[in-house]
Each structure stands twice: as C-alpha cells, then as structure tokens.
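Notes follow the structure.
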4 protein chains.
Amino acid sequence: MGSIHRDKHEAILDAGYTLFGTHGFYETKMSDIAELADIAKGTLYLYFNSKEDLFLAVTRRDCDEFLDRLQAELHSLETVQEQLECVSAHHLEYYYRCKQHTKLFFMAPNNHAELNEYLKQFMEMYTRMVADVLETVSSEDTMLFAQTYIGMLDRLKMDILYDTNFNEDDLRKRIRFASSLFIHGFMSAKPANEV
Amino acid sequence: MGSIHRDKHEAILDAGYTLFGTHGFYETKMSDIAELADIAKGTLYLYFNSKEDLFLAVTRRDCDEFLDRLQAELHSLETVQEQLECVSAHHLEYYYRCKQHTKLFFMAPNNHAELNEYLKQFMEMYTRMVADVLETVSSEDTMLFAQTYIGMLDRLKMDILYDTNFNEDDLRKRIRFASSLFIHGFMSAKPANEV
Amino acid sequence: MGSIHRDKHEAILDAGYTLFGTHGFYETKMSDIAELADIAKGTLYLYFNSKEDLFLAVTRRDCDEFLDRLQAELHSLETVQEQLECVSAHHLEYYYRCKQHTKLFFMAPNNHAELNEYLKQFMEMYTRMVADVLETVSSEDTMLFAQTYIGMLDRLKMDILYDTNFNEDDLRKRIRFASSLFIHGFMSAKPANEV
Amino acid sequence: MGSIHRDKHEAILDAGYTLFGTHGFYETKMSDIAELADIAKGTLYLYFNSKEDLFLAVTRRDCDEFLDRLQAELHSLETVQEQLECVSAHHLEYYYRCKQHTKLFFMAPNNHAELNEYLKQFMEMYTRMVADVLETVSSEDTMLFAQTYIGMLDRLKMDILYDTNFNEDDLRKRIRFASSLFIHGFMSAKPANEV
DNA sequence: AATGAATGAGAGTTCATTCAT
DNA sequence: TATGAATGAACTCTCATTCAT
C-alpha cells in the first residue's frame, strides 16, 4: 500500500516536472498533470494540497537532487581547479540534460512564501557549497565569489537552451571556459578553445 | 490632441511597468492597470491590442532605455577597465533603482513569439555592446566573455533584490568587485573591499 | 452515472431550446441557460464546447425529431393526397405546438460552418421526403415542387406565430387549404372553407 | 446644407444596407458602418438614435421600394396570369439582384417593437397587393391565397441564395414555374421547363 | 454639424478545487 | 483510496453610446 502510494506520488511529481518544466506554472493545468500521471484529477489533491504545493514539491525534488549529486562529486576531488570545473560541469550538464524543462525556474508562481523561502535556501546552500571549495585558497568574500561563479555558469546555460545547434563539444568548451575565466580572469585568459 | 494621447499612452505604460514589475504578468489584471492609470478598462484596448502586447511594450520601453543609456555612458570612457566597471555599475544600479519591478523579467508570459523574439534581440545587443568593449583587448571569443560577464552581474543583483538591508555601500563594493574579478580572476584577486 | 449524465445533457438542451427559441441566439446568455437548467455556468462547458455548439445541438435534436416523425407518419398512408395533407399537418402543427420557440430558425448564429451545413442537409432531407411522395405521380421536377410546397406551408405558419387569436379551427382549415391549393391550383380551387 | 444632410443620411443607409445585409444585425458593428460611410462614429448618432433604429430605417427603405416598384409594375398589366407572373418575377429578381444582402431579413434584431410592427405591416401590404390581383377572379380567402403564393416564392429564393451555379435561365424557369403551379396546381401541371 | 477618444456594463469561457459516490 | 462531475469566481476583451471639443 505504502509503495503504491509512493509510486503515485512519484508519478505526479514526474508529470509535474515535465509539464511545469515545459510550459511554466501558469500555463500548466492540473488536469493535464493528472492525465499525464494517469490518475484522476481529484487524486492529485490527496497527495498535494494545491497547485502551488505541487510546484514546490517538484522544485524541491529537482533542486535537492542537484545539490546532493554535486556534494557527492566534489568529495572525490582534491584541487580547487578540479572542484571548480566539477561545479561548472555539473551546472551546465544539468541544463544540457534537461533543456526542455527550464520553465521550472522562469515561470514559478508569484507570492508563494514557502516556495520563495525554499528557493532562497537552495541558492544559499548551492553558494555555500561553492564557497567551501574556495575557502581552501582564500577566506575573504568567498560567498560573493561563489555567487558570481554561479552567475557566470547560469548565463552560459542560455546558449544551451536557445541555440538549437548546441552540441556536446560546445558544452565541454564552456565548462572549461567558465572555470578558467573565473580562476585567471579575462586579462590573462587564453582563448577559450585553447584552454 | 497628440500630446494627450501620448500622455495616456505613457500613463498606461507606467502603470503596467509598476504592476507587471511587482506582481508579474499573470498576477496582474488589466483592470488593475486601468485603475492605476486612472482610465477605463476599455481605454486600455484603444492603446494596446491585448495584455500581451501591453507587456511587450512595457518591456521594450524599459530595455531600450537600458541599452541607450549604457551606450551613451560607454562612449565617454576610454580604458577597458573603466568601461567594464561602467557596465557593472549600470547593470547593478538599474536593479538598485527599481528593486521592486523585477518581476518584469521573471514572470513574462509564455509562448508570446514577439516577446521572445524581442528579449533575444535585447540580450544579443547587450552582449554585443560588452563584447565591443572587450574587442579592443582581444578578438577571441568576445561574445562568450561578454555573456559571462553579464551573467556575473545578473547574479549579483540577487542580493539587491532579496537582502532588505542592502545599502549603497554594498552596491559600490559589488560594482568594483565584479569588474575586478572578471579582469583578474579569482586567483589573483585581492579581497573585495581592498580593490 | 450515464443516466445522470444523460439527464443533465437533456436538461441543458431543453433549457437551450426554450431560451434560444424565445429570444434567439444572440439575445440568450449562457448564464440564463445554466440557470434555467439549474446547473452552474461552468457545467455547460462539460457538455458543450461553446455557445455555438450548444445551439447546433439544440437545433439538431429538434430538426431530427421533426423528420423522424414525418417519416413515420408518411409510411402509414397511401394516396398522394393523404400524404401531402400529412406533410401539411405535420409542418403547421409543429409550429402550432411550439409557437414560442420560433426564434430557433430566425436568429441563428452567423458564420458557423457546421450549423449552416446541418441546416442545408436538413432542408435537403425534408425536401426529398416530400419529393418522394410526388414521385409516385410524376417524376419531373419533383424537388422543385416539393420545395415550393414547403414554402407555402412555411408562410402559413406566420399567422400561427403572430395572430394571437389563432385557434385549432384556423389550423385545420389551413392544413387542408395548403394541400388542396398545391394539388389543384388557384383557378380550380374551391374556397378554403369548403374544401 | 439640407442636401449634404440628405447625402450623408443616404450614405449611412447604403453602408448599413451593405453590412447588415451581408453579416446580419448582430455581427455588424456601428464602427464598421461609419467607416464604410466614410464618416465618424459619433456622426451616426446625429442621424439615427440607435443601432436598432438604423436597422429599421435600412429595412424600411428597402421594403418600401420593393412595394412601390411592384405596385407600379402591376398597374400596367391586365390579366391575372400576367400579374401573378409579375409578382413572381419581382420577388425572385429582387433576390437575384442582391444575393449577398439577404441577412437583412434573417438576422434582424429581436424584441424591437417598432421593427416588428413595420415588418408586419410590410407583409400585410405585400399580401394585400397580391390579394387584390386575385380578387378579380374570386373574392374568397384571397388573403390566404396571396400569402401562400408569397410563401412559394420565398422558398424558391433559397436556390438563388445557396446554389452558386444558379443562373439567369434557372431564374426565368422558376418565375414561370411558380405562377403556373399556383394557378393550375401540381396535378395539372406540366413539367416546369415546358411551361 | 462633425468628431473620435473615452466609457463600462456585460459577454463567453477557464480551471483550481470540492465532495458525493 | 480514488474518482470525475460539478462548481463559480475571476478573467480578458467588445462595442454601442456619449460628450467635450
């Protein structure tokens, strides 16, 4: 029974992830989610109290996994360079893997306190994870550096999302480009494809 | 006659800017915009064909001005350092000035072809403007570098938006921090408050 | 379950028949139909996709029944005279029974392809039914004769609709009058009340 | 001044005739009529009090002319046969001339007392005109005969309106067909194309 | 007499949510 | 636990009419 419950719970989250991700919060109907999850509309409300709650749960599952995996990958690495490139790879590969689900962050519902709170926490944890990497080198302003690094990565995802010809080579180039630029700066940077 | 028409047009754009900016596209009602602009609901439709069109016009006015001002400011500067810091200042000060209107970008309507097209163009023009600055130093991958720089800045705006204690000093610090980090990289960076 | 569904479906059609019939398509509000059918406004849209579709369904039910009954009645008769009088009676009695619902044909929505198509088919089937009766006597231009006969009948309904003193005797008189005139023509016609 | 006034008055009626006739009352916008008449929207209301009034005026002009012309044509004829064929020709040629304006009668506004009153009067005058023709032969039930004749004609117009291949020959055939059928009846009728 | 910008009541339709089964 | 028919508040947009110019 409990496992049937878990299965349905997951099925709803999967459907929500797909639809919220591709059409955004407002353009996704609860009935569509129910249909894709192959359950009745009313059943959704046995598992989630509202559309907002479901969206939060979808976001949470996705973001938590993002952080867990990053944490695990970082543990096995030693140098700051390696670790920063790991962050870069993790961030960009995430978007490369799920190009089509990016409305999840763009089109979130407004004014949902709990969601805003969660997203804030997520960003803080993500930033702290990167800051911890930097801490081994310098202890000043690591949160600010970390934040900025994440910003760089987040912009580079744009090509992934909008450039339809974007391929694996472009991906690898950007992964190295970002960590290198962050570490050495623009002035000392070699052109991206030589890095 | 024409000036009354222009006034009302502007009043609607102002009201739209305020409400779309604070509540996002979907959570803003046309009737609220009409009320804030102090006109009748029907009058909105004499000036704009639809809610989407109004949103596009609001966005356009805001973004065009952003680029025009940046262009003008860049012209009067000479070194790359100065110019990059100018970009940094322009970007962050924009958000500092209008903290409360940031939903304009977050919560845009989905699937509005013309809007998507415009935003793409905006980003390309913004990126190219920054790339042109970098071109005086290196001609390799300038679009990629420019994009990344903008990404850094865009993430730094987050503190502005969510940290309620954020003050003018924090602003100035981040402006210098961003350009310095971009130019010299993390490894050679001095702590931010010494830059 | 299905029968509750059928009941509600019928209730909506009944309400639509009454209101469209008395006020016409444009002067009837979906909310009025919902109210008369004793359901919520939104429920209408579970059964019909749009106001136009509902109107079409109402029309269809009414016209189909009209033809089915006529068909059945004609089968039991033998002479052309009897059959033509049966058509006459059927046509005029229909209007006599539902004087108040005649806006159904007058005030249909414009430009609804499916509705126009249906009405065209209805007229063709009605005409063919009458033409088949005539065919036993002559095979020339039966469709044209049939059409004309229906035209005569359709004009005679006007008194029914607008003459408030119109009674059953007037009805019977016109039923015989029409078939007799059609068969023998004006020149050889005896005065209507002697037929 | 007066003639300018008359010109504009006529221009509005012409535009109304065209648009009401092609799209019906409800699907025609006052603004479209103004545009077609080449005047401002507000000006319409200097000449007509409301959309309904304008529709009534358009109808009135059209119907009055219809009767006036018929009256004139009938005067020059002598035998009942000729006169009835004249009615037939007048009725069908009217529709043949203005196929595209037939929404004028189909899609009239509901519940406009004055319009309903006028249409009733129109029908009565039309019927009486035909009844007067019949009176020279028989004095019984002439109104009923007249009404029925008009009904025949009105149905025959349908082919004109919906059969896109309908040509002048078809028209002439129906004109003779109708009067002949009315006079001699179906039983003694010769096939239409031999009449 | 002529204008056309402004009005605002009111329409059809949607969809998150409920609840009897 | 699961259903899905039913709900009704809330939305965007229309258009006949007005009135200051």
Side-chain angles (χ1 to χ4, degrees), chain A residues 1-2 4-5 8 25-35 38-55 109, chain B residues 1-2 4-5 7-9 26-35 37-54, chain C residues 1-2 4-5 7-9 26-35 37-54, chain D residues 1-2 4-5 8-9 25-35 38-54 109:
Chain A
M1 218 51 161
I4 284 178
H5 189 279
K8 224 158 247 184
F25 178 77
Y26 292 98
E27 303 281 0
T28 296
K29 290 183 265 178
M30 288 298 263
S31 57
D32 290 343
I33 295 176
E35 195 179 0
D38 210 30
I39 59 170
K41 233 186 316 175
T43 309
L44 287 179
Y45 289 86
L46 297 177
Y47 293 83
F48 302 95
N49 288 319
S50 69
K51 193 182 179 186
E52 279 82 3
D53 279 2
L54 172 54
F55 186 88
Chain B
M1 218 53 155
I4 284 177
H5 192 276
D7 288 353
K8 218 153 257 184
H9 190 91
Y26 292 97
E27 303 282 356
T28 297
K29 291 180 273 180
M30 287 300 263
S31 57
D32 290 342
I33 295 176
E35 197 178 359
D38 209 31
I39 58 171
K41 225 183 335 168
T43 308
L44 287 179
Y45 290 87
L46 297 179
Y47 292 83
F48 301 95
N49 289 321
S50 68
K51 192 182 178 185
E52 276 84 2
D53 278 2
L54 174 53
Chain C
M1 218 57 154
I4 284 178
H5 191 276
D7 288 353
K8 218 154 255 181
H9 190 92
Y26 292 97
E27 303 281 358
T28 297
K29 291 181 271 178
M30 287 299 264
S31 57
D32 290 342
I33 295 177
E35 198 177 357
D38 208 33
I39 58 170
K41 224 181 337 164
T43 307
L44 288 179
Y45 290 87
L46 296 180
Y47 293 82
F48 302 95
N49 289 320
S50 68
K51 194 183 178 185
E52 276 84 2
D53 278 3
L54 173 54
Chain D
M1 219 52 160
I4 283 178
H5 189 278
K8 223 159 250 186
H9 191 91
F25 178 78
Y26 292 97
E27 304 281 0
T28 297
K29 290 183 266 179
M30 288 298 264
S31 58
D32 289 342
I33 295 176
E35 195 180 0
D38 211 31
I39 60 170
K41 232 184 319 174
T43 309
L44 287 180
Y45 289 86
L46 298 178
Y47 292 83
F48 302 94
N49 289 319
S50 68
K51 191 183 179 184
E52 278 83 3
D53 279 1
L54 172 53

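Chain identifiers are assigned alphabetically (A, B, ...) following the order of the sequence lines, protein sequences preceding nucleic acid strands; residue numbering begins at 1 within each chain. As the structure is a computational prediction, the values presented were derived from the model and not from experiment.
- Whole-Å rounding puts the L44(A) CG to dT3(F) P distance at 10 Å.
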### Query
In B/S/- notation, 5' to 3', how is nucleotides 10-15 of chain E contacted by protein heavy atoms closer than 4.0 Å?
BSSBBS
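- Atom CE of residue M30(B) and atom CD of residue E35(B) lie 14.0 Å apart, to the nearest 0.5 angstrom.
- Here CG of L44(B) is found 12.5 Å from CG of D53(B). Values are rounded to the nearest 0.5 Å.
- To the nearest 0.5 Å, the span separating CD1 on I39(A) from CG on L46(A) amounts to 8.5 Å.
- Computed from coordinates, the I39(C) CD1 to dA5(F) P distance equals 13 Å when rounded to whole Å.
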### Query
What pattern of brackets, bars and dots sums up DNA chain F from 5' to 3', given Watson-Crick or G-U wobble pairs under 3.5 Å, [ ] for crossing pairs and | for another strand?
.||||||||||||||||||||
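- Here the nucleotide nearest the side chain of K8(B), chosen from dA6(E), dA1(E), dT7(F), is dA6(E).
- Listed by chain and residue number, H9(C) satisfy the ring-ring contact (aromatic ring centres under 6.0 Å, His included) test with F48(C) (two or more places apart in sequence, or in another chain).
- The side chain to side chain contact (heavy atoms under 4.5 Å, CB included) check on D38(D) picks up nothing, with sequence neighbours excluded.
- Taking atom CD1 on I33(B) and atom C1' on dC13(F), their separation rounds to 14 Å, with Å as the unit.
- For Y47(A), the listed nucleotide lying nearest its side chain is dA2(F); candidates were dT7(F), dA2(F), dA6(E).
- One can place CD of E35(D) at 15 Å from C1' of dT3(E), the figure rounded to the nearest angstrom.
- Taking atom CG of residue L46(D) and atom P of nucleotide dT18(F), one finds them 11 Å apart after rounding to whole Å.
- Rounded to whole angstrom, the span from the NE2 atom of H9(D) across to the P atom of dA1(E) amounts to 13 Å.
- Between the P atom of dT18(E) and the CZ atom of F48(A) lies a distance of 16 Å, rounded to the nearest Å.
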### Task
List the steps, then state whether side chain to side chain contact (heavy atoms under 4.5 Å, CB included) holds for L54(C) with K51(C).
CA-CA 5 Å; L54(C) 173 54; K51(C) 194 183 178 185; 5.8 Å; no
